[in-house]
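Structure first, then comments.
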Number of protein chains: 2
Amino acid sequence: MTNSNTSATGKLVYQLEEMILEGVWRPNHKLPSERRLAQRFGYSRTVIREALRQLQAKGLIITHQGIGSYVVEVFHSIEEEFIDPLVHLFDSHERTLFDLLDVREQLESHAAFLAAQRATQTDLYQLTQAYERLASPDTELTMDTYFNFHHMVILCSHNPILVQTLCQLKALLCKAIQTCLPLLIQDAEVQNQVRSQQQQMYEAIVQRDPVAARRATKTHIRFVSHHVHSVKKSNFY
Amino acid sequence: MTNSNTSATGKLVYQLEEMILEGVWRPNHKLPSERRLAQRFGYSRTVIREALRQLQAKGLIITHQGIGSYVVEVFHSIEEEFIDPLVHLFDSHERTLFDLLDVREQLESHAAFLAAQRATQTDLYQLTQAYERLASPDTELTMDTYFNFHHMVILCSHNPILVQTLCQLKALLCKAIQTCLPLLIQDAEVQNQVRSQQQQMYEAIVQRDPVAARRATKTHIRFVSHHVHSVKKSNFY
DNA sequence: TTTAAAACACTGGTATGACCAGTAATTTAA
DNA sequence: TTAAATTACTGGTCATACCAGTGTTTTAAA
């Protein structure tokens, strides 16, 4: 895209990706050493290294000093390079995730505050529906029902800017925690806690208690943040 | 992640990402040349290059031969979807502007809160500069100096998500009030009030008083909101 | 004076060779 | 036989030189 066709490194990256995707180098296959690759492809070791670093950054290979480089399990095509730059950052910069959850706490608690003030009868009806889909203890807690309820709360705030902004943050959050989320919602204790917290949010809103709604929301997001934290910490792969 | 802590390149990548996240290098900012970076960070050009290649592979920077490397708009893809549908709302639906200012109040007051906690010495120096350009009573109050100061406050929060989000809101706000803003800042009384409010924000931050900083910011934005309101009311076109 | 060409000073891209730092197999000495 | 030392790989880093684009400045011609 940028200079894949012009620069030697770009061309080499493309070649190497081809070889991996074509199956010349299968997953777990050990690549030749950098010096051998340089010889074989007719490039300097500099070019070979930069190309390998790019493959590494893309997650196609993994490299160990003194050992060599290995092809990883690749289950997605090259097209996947269009994912958000921010996603990478969430992996290496853990605090970015907390920054995100911090902003979410500010906005969504305010949304709950407004929701308790402004929600119409129709809103409350829909909110109740969303809540009941969530609250029944026999059904599984899914990301869908979870976000559905929260989105409904946000809609009740009747602030389109708030809605837009929080939708963006939600998209980011989904990408950021998609790996560790399954671990989270499997935990039965977490499920119970979340259900209890959302019950408090729900009741505060229908009872028109803005302060309580805000407090309940803050409590919930801090709970999530805390648990995401602990999951991330015990998650070395 | 893999060897971020062991290798020089890994550490450098992390550092550079931090600088981008912290806002030291903002979107569209041109990075120093590779040779300068090598000198500045004390690494060989090889390491610098490999780190930059990784950032490039992640989509954080874009590089042109003979030109240099630039920080990309991290949120760019989303931003278009974000702004476009909303702009036209401001014309027809006046309260959207207040919704926007409401969200801004939530986020920017929180940013000021964090700024009072987290601002570094360098931050405070830059903040002081921005404030002094703003505070001198003989110079005109311009949109530039105004937003410059507020942006600096936001940067002091050291929360990249907050920075990005508020940048978007600022862009929206500019489009929304570009017609009525001249009427606002012409008013000498308004100017004095704003200066006084920003002085309180500034002093609260340098005195490391988060609560006062938050309160001052809320006060200021509510003041703006109120005056925008009155201007809009006497402004039918 | 104006203007187009040439020189210059940057930028990133590539090549080489040397050396450091891990790893693992091989050799050596106990 | 076994444990330690050697050796030969691996990737990681450094320094230097040069190539290749880009933009500005200078220069020389019109």
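Below, chain A is the first sequence line, B the second, and so on; all start at residue 1. Heavy atoms only: backbone and side chains are in, while hydrogens, waters and symmetry mates are out.
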Sub-3.5 Å pairs of nitrogen or oxygen atoms, protein against nucleotides 13-15 of chain D:
residue, atom, partner, partner atom, Å
D:dT13, OP1, B:Ala8, N, 2.4
D:dT13, OP1, B:Thr9, N, 3.3
D:dT13, OP2, B:Thr9, OG1, 2.9
D:dC14, OP2, B:Ser44, N, 3.1
D:dC14, OP2, B:Ser44, OG, 2.9

Mind calculating the distance between [atom1] ([X]) and [atom2] ([N]) to the nearest angstrom?
X: A:Leu31; N: D:dC9; atom1: CG; atom2: P; result: 19 Å
X: A:Gln39; N: D:dT10; atom1: CD; atom2: P; result: 11 Å
X: B:Ile48; N: C:dT11; atom1: CD1; atom2: P; result: 14 Å
X: A:His64; N: C:dG22; atom1: NE2; atom2: C1'; result: 12 Å
X: A:Arg35; N: C:dA15; atom1: CZ; atom2: P; result: 16 Å
X: A:Gln56; N: D:dG12; atom1: CD; atom2: P; result: 7 Å
X: A:Leu12; N: C:dT14; atom1: CG; atom2: P; result: 10 Å

Heavy-atom donor-acceptor pair, [X] side chain to [Y] backbone, under 3.5 Å:
X: A:Ser109; Y: A:Gln106; answer: yes
X: B:Lys30; Y: B:Val71; answer: no
X: A:Arg53; Y: B:Glu50; answer: no
X: B:Asp123; Y: B:Thr120; answer: yes

Collect all protein-nucleotide pairs involving nucleotides 5-8 of chain D in which both atoms are nitrogen or oxygen and the distance is under 3.5 Å.
none

Pairs: protein N or O with nucleotides 20-22 of chain D N or O, under 3.5 Å:
residue, atom, partner, partner atom, Å
D:dA20, N3, B:Gln65, NE2, 3.3
D:dG21, N2, B:Gly66, O, 3.3

Sub-4.5 Å side-chain heavy-atom contact between B:Cys156 and B:Ile205: no
Distance from A:Leu107 atom CG to A:Asn159 atom CG, nearest 0.5 Å? 9.5 Å
Keeping to residues at least two apart or across chains, list the salt bridge (charged side-chain N to carboxylate O under 4.0 Å, His left out) pairs with something in residues 103-112 of chain B. B:Arg104-B:Glu108, B:Glu105-B:Lys218, B:Glu105-B:Arg222
So which pairs with a foot in residues 37-48 of chain B pass salt bridge (charged side-chain N to carboxylate O under 4.0 Å, His left out), sequence neighbours left out? B:Glu34-B:Arg45
Aromatic ring proximity, centroids under 6.0 angstrom, B:His220 and B:Tyr202: no
Tell me the closest heavy-atom pair linking A:Thr63 and A:Ser69, and the distance in Å. OG1-OG, 2.9 Å
B:Ser33 side-chain proximity, nearest of C:dG13, C:dT11, D:dG11: C:dT11
Quick one: list whatever passes ring-ring contact (aromatic ring centres under 6.0 Å, His included) with A:Tyr43, sequence neighbours left out. none
